[in-house]
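Here is the structure we will look at.
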Amino acid sequence: MGTSTGQPSRQSLETRVLELRSQLQKASYAYYALDDPILPDEVYDRLYRELQDLEAAHPELVAPDSPTQRVGEKPATQFTSVRHNIPLYSLENAFDLAEFQVWEDRWRRLEPQAGEVGYVAELKIDGSALALTYENGLLVRGATRGDGVEGEDITQNVKTIRSIPLRLALENPPPVVEVRGEAFLPLNVFEQINEERQAKGEARFANPRNAAAGTLRQLDSRKVAERKLDFFAYTLQVPEGKEAGGQGGKGAGGQKETKAVPESPASPLLCPAASQWQALQQLQEMGFKVNPNCTLCGSAQEVGEFYDRWDTERLQLPYMTDGVVVKLNDFDLQRRLGFTQKFPRWAVALKYPAEEVPTVLEQVSFQVGRTGAVTPVAELRPVQVAGTTVARATLHNADRMTELDIHAGDTVIIRKAGEIIPEVVRVLTELRPAEAALAHMPSHCPECSQPLVKPEDEAVTRCINSSCPAIVQGAIIHWASRNALDIAGLGEKWIVQLVERGLVHSVADLYDLTVDTLLPLERMGQQLAQKLIDAIATSKSKPWSRVLYGLGIRHVGSVNAQTLAENFLTVDELAAAEPAAIAAVFGIGPEIARSVYTWFQLPANQTLIKRLQAEGLQLAADADAIAQRQSAPRPLAGKTFVLTGTLPTLSRNEAQALIEQAGGKVTGSVSKKTSYVVAGEEAGSKLTKAQTLGISILSEADLLALLES
Ligand code: IVH
């Protein structure tokens, strides 16, 4: 096409582009979704290149679903978070068939009329869940699960997964179709990535699930494309009011009959799915890869047979599985059963027990974490467990070591279960060699040689030397991490060198670094040094919530940091807050409050805050937020409240937060200075005292009215 003789007509160009696109789509579907290639690779490559050339010469002919559009040109700078149209629930676990029976009995009590039912048993793929949105048949969004309500928009990366169609194979698609499924890395790719990482001195991914999740969150989609992620679809939903039925209890409706795209690889959707089994069928017809190892069971017994069979057969599969997901087939029944707070009542994950494998413990090493916690780690003769090579396993803490009576040279049993890092479950003492030496916690820190401490009532042994290099390193790694100050390029290898060479003793020291101080580092160059310095400088503009998270206060993860930063608009406010005031914030419990309070009491931390302030980091919300709060009505300013008894709807913390937001103060005891006592049921002596002193007594309703005013 379009070679030597003159210009091809506009129309023939368009026709050729359409033809190529359709042929490539067909070939790609056959190759990636059906595992049944229809074109030799060279032919595919030539057609692909022809399309690429045509599109380059006529950019107006590029369509979003063209096979050439799977890999983005430019890396993203960050992902935006998106709210899922329909939340992604997780599943309740059953760890054996008896627990499955308990689950069945439970739903049957809610639907006593159900009688014989069908279950769809699907393998539980150990990957990363994705939510795909198609509008008018076109893939418009791919998002991670996130917390189930909000995830991250990773559309560009999702497009690189060849088994995900960019356009549904439907001539007349519903306006919106939501497809959920699992993105995963084949085991061989996983091993290969880990070998590469190890060779580069980077940490290995603990399991294929982490590797898949990590890959999906790469900013450069070209790198994602190299990783050969794959995808199995398992949920089809057409949101309410937008035709057709689906899982998740989201309404059935009349989907119009549709016809197949003339050259589409699949047949059309003819009717709304009434069951999971049909939905799986339809997903396949729409161009998705559906795991073939699933079955429609007529009874719990048949589910048991499927579960038993795959317990061993799954180990031959080229991807990792960790159980069987059992779903009630009938969507009507699913809708009637609905959801608990967390899970659908109509599905359960029937997990396989973690795989246990023997190996030899070569020695025990001790790792010092960012909080100073010292963790004993078993260094093992490498062994395959549940599809991955394990060379290290945690021994948790000193008590656990004593309990295991572990000796270097022992034969030990390693277990790896789903998300859990490998652990030593048992020691085969009968196989212990005569020369084996008992392993024990060191008395001094392996990193800084200072004495370790172990409080009586705690399991953790800690190094409490805040200038211990391991603690400093950990703190800086955390500070530079993505959800904290996100300092691009400041990876572990640089941090280790910076700390080892004494260039950095705390996160504040990062801001005193210069290109010249960085240059002596191994494998550092002028350009790279400049980049790092720039990235460090950029972190000064990161918001207060990120800085707070970056401080690494125990129990303050990124969500808590955000909540605290929204409620305490400046570091001075937070540092001055009593534990009760911190715990009064909705979502912050007493343990978190105590940890924050204690952190700010330490002189070393106070100094750190002062230095960060001096360096220009954001230790307060932006001026707008502060101004907004200052101009917000404060009807209770200057009033002092005492809370007593149980209020009908508000918890004590909630009431306190409401009062404080309105400018009031809450104290613990009644005095002449008290403006109001808010009394609920079973109010005791505080109420009596208020009555004696003639202080106004409010009910919850009165308080709410006062706040309204
Ligand atoms: S159904 C409400 N089916 O397992 C429906 N999930 O432990 C929930 N998973 O978050 C999902 N294979 O990431 C379903 N065949 C399958 C699955 C599967 C793997 C994952 C999924 C889910 C997690 C729950």
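Whatever order the structure lists ligands and atoms in, that order sets their numbers, starting from 1. Keep in mind that this is a model prediction, so the values were computed, not measured.
- Atoms of ligand 1 found under 4.0 Å from any heavy atom of Glu122 (numbered from 1 in listed order, with element): 3 (N), 15 (N), 16 (C).
- For ligand 1, the polar-atom distance check finds no N/O of Ser128 at less than 3.5 Å from any of the ligand's N/O atoms.
- Going from atom CD1 of Ile414 over to atom CZ of Arg392 covers 12.5 Å, rounded to the nearest 0.5 Å.
- Ring geometry for Tyr549 versus His478: interplanar angle over 60°, hence perpendicular rather than tilted (30 to 60°).
- The option with the heavy atom closest to atom 14 (C) of ligand 1, from among Tyr234, Phe232, Trp346, Phe184, is Tyr234.
- The Pro344 neighbourhood of ligand 1 comprises atoms 2 (C), with distances under 4.0 Å to a heavy atom of that residue.
- In terms of polar-atom proximity, Glu182 is counted as a contact of ligand 1, with an N or O under 3.5 Å from an N or O of the ligand.
- Residue-ligand proximity, Ala129 to ligand 1, at heavy-atom distances under 4.0 Å covers atoms 13 (O).
- Contacts of Leu91 with ligand 1, taken as heavy-atom pairs under 4.0 Å, involve both backbone and side chain.
- Remark: Tyr134 OH to Leu166 CG distance equals 7.0 Å, nearest 0.5 Å.
- In this view, Asp65 and Arg167 satisfy the salt bridge (charged side-chain N to carboxylate O under 4.0 Å, His left out) rule, not counting sequence neighbours.
- Expressed to the nearest 0.5 Å, how far CG of Leu236 lies from CG of Leu280 amounts to 9.0 Å.
- Identified under the salt bridge (charged side-chain N to carboxylate O under 4.0 Å, His left out) test for residues 128-145, with sequence neighbours left out: none.
- When only interatomic distances are considered, the shortest N/O to N/O separation between Tyr89 and ligand 1 does not fall below 3.5 Å.
- Less than 4.0 angstrom separates some heavy atom of Leu123 from each of these atoms of ligand 1: 12 (N), 15 (N).
- Here Arg180 has no heavy atoms under 4.0 Å from ligand 1, in either its backbone or its side chain.
- With respect to the salt-bridge test (charged N to carboxylate O, under 4.0 angstrom), the residues Glu226 and Lys223 do not qualify.
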